Amino acid sequence: MDISKMTALWADYVFEGKMSPEVRAPIAESWRRCRAAGLNPSGGEGRHIDANVLESARTANKLFLEIAIPVMRQVFDIIRASGFLVVLTDSAGYLLEMMGDEEIVSRSQDMRFMPGAMWSNLEVGTNAISVALDYDIPIQMVGPEHYCVTHHGWTCSAAPIHGPNGEIVGCINISGDIGKAHPHTLGMVQAAAIGIEGQIRQAYNAQMMNAALESSRDGILFLDQNREPFWMNSAAEKLLKTDLAGLRRIGLEGIVKSVGLENKNWKSGEPFVSDNMALHIGDETIYCSIVVTPLTEYERAYSVTLRPQTQLISSVNKLSGNRAVFTFRSILTENDSMKKTLALAAKFARYEGNILIQGESGSGKEVLAQAIHNASRNADGPFVVVNCASIPRELFEMELFGYEASAFPGRAAEGKPGRFELADNGTLFLDEVSNMPLEMQQKLLRAVETHSIQRLGSTQPIQLDIRIIASTSQQLSRLVERDSFRRDMYFRLSSLKLDIPPLRERPEDLALYAEYFLRGLNESSSDTPKSMTPEFLEGLRAYDWPGNVRELQNSIARAYYISAGSTLTSENLVLSLERREPEAPADATLLSNAGEGGIIAALTICNGDVDAAAERLGISRATLYRRMKKYGIIPRLIKQKP
């Protein structure tokens with residue numbers, strides 16, 4: 001650059017306002033702004049900010065300084081003793097850091113070019129730092145390209161530094177005597193800016209990754225090539241009940257004893273996965289899923305992800321439908337005895353004891369158990385049903401308690417949690433508990449009492465937070481007297497006991513449930529809504545409903561689909577009721593007054609046998625024939641085909 005010519009161009013503009021096209025565009029634009037602002041071209045001394053303001057600026061740029069200062073030192077080591085200094089500014093132009101030879105630093109102080117100074121266009125005139133920041137370009141300026149004459153003895157090379165999203169976060173600048181200007185200096189500054197930007201992106205990505213790992217509910221840790229942990233997130237610390245220093249003392253394999261990392265074939269790059277890994281933490285055993293993944297090809301490292309099995313169990317419960325849908329509002333009744341049972345059940349729901357529900361088949365024991373669960377403190381937890389009548393004797397213990405890895409040859413090598421563990425923080429419903437084998441009752445006794453279990457093949461107890469509700473269609477006290485059910489188990493289960501009266505003892509509920517079931521069928525069908533005739537309702541009341549509410553629901557559904565019209569009639573009732581062998585006569589007072597529906601119900605029960613139906617109704621054979629003639633009932637049409 002011809003310094004004399006550039007000085008003349010500067011003077012033409014500063015003193016006469018004549019801008020030459022030879023002046024570079026960003027410098028020309030900056031000159032215009034200085035002149036418009038009335039900046040004194042003889043000035044150029046920096047304005048120094050208060051020490052507290054400088055400290056707050058450095059604090060706000062803490063990460064930027066941590067990354068940029070080591071790069072500045074590397075640059076200064078290269079230019080040391082060359083008469084240059086290196087400067088770092090923030091995005092506003094405040095000088096945050098300076099490194100340089102003593103002589104050049106002393107000279108820079110003459111124009112207050114030091115940390116804490118504001119080096120913007122409007123403060124000190126056009127300079128490389130302000131142009132780089134204002135126009136987002138790297139630039140080298142020499143002598144009279146600066147607006148203020150006090151800077152004309154300097155050459156400055158500056159480059160903006162960008163953050164991870166492209167925003168300007170600062171500037172790096174090299175300044176020295178005008179006689180030492182060289183294009184290579186700008187290249188050095190640009191290279192330094194690029195290096196700082198790369199490290200900022202790495203730090204940003206690391207922060208993002210760290211935030212993601214810290215926000216995970218899974219325990220995550222990293223191991224070096226010697227399988228020593230060097231990082232772990234908060235979830236891992238909480239799960240393993242130790243910090244990184246403590247884990248290094250113990251060693252991961254002191255906690256996860258059965259992984260055997262040293263024996264794995266990591267060259268394949270395949271992760272090691274187990275859904276049932278025992279973590280031995282002090283005297284406690286916690287079951288987790290674990291994934292160990294090799295991370296690098298040359299210097300081997302591993303990521304380890306630990307997920308408490310409670311999360312896996314929660315997912316299993318959601319997929320398996322282990323939840324309660326019925327509440328006390330779902331249970332309809334107008335019967336005083338049933339109302340007392342419901343009131344007692346609602347009271348029991350607030351207690352912690354085991355509950356025994358007794359009632360005939362189909363009376364709604366599971367519905368009541370679900371209502372109790374949904375009114376308890378564990379309402380948000382799972383509701384796990386164990387049908388004691390359907391589990392093979394030899395599988396009972398495994399189904400309830402689960403098993404450890406390799407406890408059973410041929411079974412899943414990782415082991416499996418049982419129904420008790422699936423019900424943790426919820427309710428375990430032992431349906432038809434009277435069908436539980438005696439030998440299993442003995443094994444179950446301690447679990448019912450303490451809510452603590454041991455998996456098969458394990459010696460470690462697992463403490464659970466569960467409510468146990470058992471149900472039976474038999475009188476357990478009678479089974480106890482016959483030595484068919486353990487007395488101690490009966491007392492453990494029946495600390496709180498509920499009895500559901502059968503539907504035949506709740507005649508006022510018949511029409512209530514019938515209307516409810518019919519309404520549901522009407523709402524789910526696009527056909528014309530159907531209703532019940534008085535004769536149909538009369539037949540329902542005359543029937544004794546040995547299958548209780550479940551049988552009533554099925555009968556209403558059959559009659560609904562059989563009916564071709566808009567009403568359910570006595571003819572539909574004939575086909576909808578279950579036919580059974582004749583039983584002992586029912587209440588004669590009730591049935592002798594029955595009309596068409598009662599007669600049809602009796603004939604249906606007795607499979608069309610007129611004599612048996614008359615006996616059941618408590619009337620003579622002749623009277624029954626007269627009534628059948630009156631209502632147009634033909635017994636042979638009711639008789640079940642062979």
Side-chain angles (χ1 to χ4, degrees), residues 46-102 104-105 108-109 112-121 123-124 127-141 154-176 182 184-211:
R47 176 175 59 87
H48 200 277
I49 60 174
D50 182 83
N52 292 330
V53 177
L54 174 60
E55 187 59 32
S56 65
R58 293 179 63 88
T59 301
N61 291 275
K62 182 175 182 293
L63 178 61
F64 174 50
L65 290 170
E66 288 176 353
I67 293 172
I69 287 175
V71 178
M72 284 182 67
R73 288 199 182 100
Q74 292 176 342
V75 172
F76 179 63
D77 286 343
I78 296 172
I79 64 173
R80 188 187 298 273
S82 64
F84 281 92
L85 55 80
V86 187
V87 174
L88 187 72
T89 79
D90 66 6
S91 58
Y94 283 111
L95 273 62
L96 300 178
E97 190 71 28
M98 176 184 286
M99 298 178 189
D101 297 329
E102 183 178 351
I104 195 69
V105 170
S108 70
Q109 291 177 355
R112 299 182 192 143
F113 189 52
M114 62 185 69
M118 166 59 84
W119 220 252
S120 68
N121 186 69
E123 287 285 342
V124 296
N127 64 88
I129 291 172
S130 67
V131 173
L133 291 174
D134 289 346
Y135 298 97
D136 194 11
I137 57 171
I139 190 167
Q140 184 178 69
M141 294 178 58
W154 291 79
T155 177
C156 303
S157 300
I161 301 170
H162 301 88
N165 298 313
E167 75 282 11
I168 295 177
V169 296
C171 174
I172 187 168
N173 172 81
I174 296 179
S175 295
H182 195 288
H184 288 173
T185 309
L186 180 60
M188 187 181 300
V189 167
Q190 287 181 275
I194 292 171
I196 294 170
E197 288 174 349
Q199 292 190 42
I200 288 175
R201 283 193 297 272
Q202 288 183 1
Y204 176 79
N205 291 337
Q207 284 184 336
M208 294 288 288
M209 183 64 69
N210 188 72

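Because the structure is a prediction, the values reported are computed rather than measured.
Ring-plane geometry between Phe113 and Trp154 is classed as perpendicular, the angle between the planes exceeding 60 degrees on a 0 to 90 degree scale with a lower cut at 30.
Across every non-hydrogen atom of Val124 and Gly46, the tightest pair is CG1-CA, 3.6 Å. Shown here for Ala158 and Asn173, the closest heavy-atom pair between the two residues is CB-OD1, 3.6 Å. Of all the heavy atoms in Ala132 and Ile139, the pair that sits closest is N-CG2, 4.3 Å. Residues Cys171 and Ile161 share a closest heavy-atom pair of C-CD1, 4.0 Å. Looking at every heavy atom in both residues, Pro160 comes nearest to Pro138 through CD-N, 3.8 Å.
A side-chain donor-acceptor contact under 3.5 Å links Thr155 to the backbone of Met141. When atom types are taken as modelled, the side chain of Glu167 and the backbone of Asn165 share a donor-acceptor pair closer than 3.5 angstrom. His48 places no side-chain N or O within donor-acceptor distance of the main-chain N or O of Met118, the cut-off being under 3.5 Å. A distance-only check finds no donor-acceptor pair linking the side chain of Asp101 to the backbone of Ile104 [under 3.5 Å].
Between Leu186 atom CG and Cys156 atom SG the span is 11.5 Å, to the nearest 0.5 Å. Rounding to the nearest 0.5 Å places CG of Asn52 at 4.5 Å from CG of Asp50. Separation of atoms CG (Asp134) and OG (Ser120) is listed at 8.0 Å; rounding is to 0.5 Å. In this structure, CD1 in Ile137 is found 10.5 Å from CD in Gln190, a value given to the nearest 0.5 Å. Considering NE2 of His182 and CD1 of Ile174, their distance stands at 13.0 Å, rounded to 0.5 Å. Within the model, atoms CD1 of Ile194 and CD1 of Ile172 stand 11.5 Å from one another, a figure rounded to the nearest 0.5 Å.
Under the 4.5 Å side-chain criterion, counting only non-hydrogen atoms from C-beta, Asn61 is in contact with Leu96.
Atom CD of Glu102 has 12 or fewer neighbouring heavy atoms from other residues, nucleotides or ligands inside a 6.0 Å radius.
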Solution key, residues 197-208 side-chain donor-acceptor pairs under 3.5 Å, sequence neighbours excluded:
from, atom 1, to, atom 2, distance (Å)
Glu197, OE2, His162, N, 2.8
Glu197, OE2, His162, ND1, 2.6
Asn205, ND2, Arg201, O, 3.3

Donor-acceptor contacts under 3.5 Å from residues 77-95 side chains, at least two apart:
from, atom 1, to, atom 2, distance (Å)
Asp77, OD1, Arg80, NH2, 2.8
Ser82, OG, Ile79, O, 2.2
Asp90, OD1, Ala92, N, 3.0
Asp90, OD1, Gly93, N, 2.9
Asp90, OD1, Tyr94, N, 2.9

Determine, stepwise, if the pair Arg112 / Arg47 fulfils side chain to side chain contact (heavy atoms under 4.5 Å, CB included). CA-CA 7 Å; Arg112 299 182 192 143; Arg47 176 175 59 87; over 6 Å; no
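Applying the salt bridge (charged side-chain N to carboxylate O under 4.0 Å, His left out) test to Arg58 and every residue at least two apart in sequence or in another chain returns Glu97.
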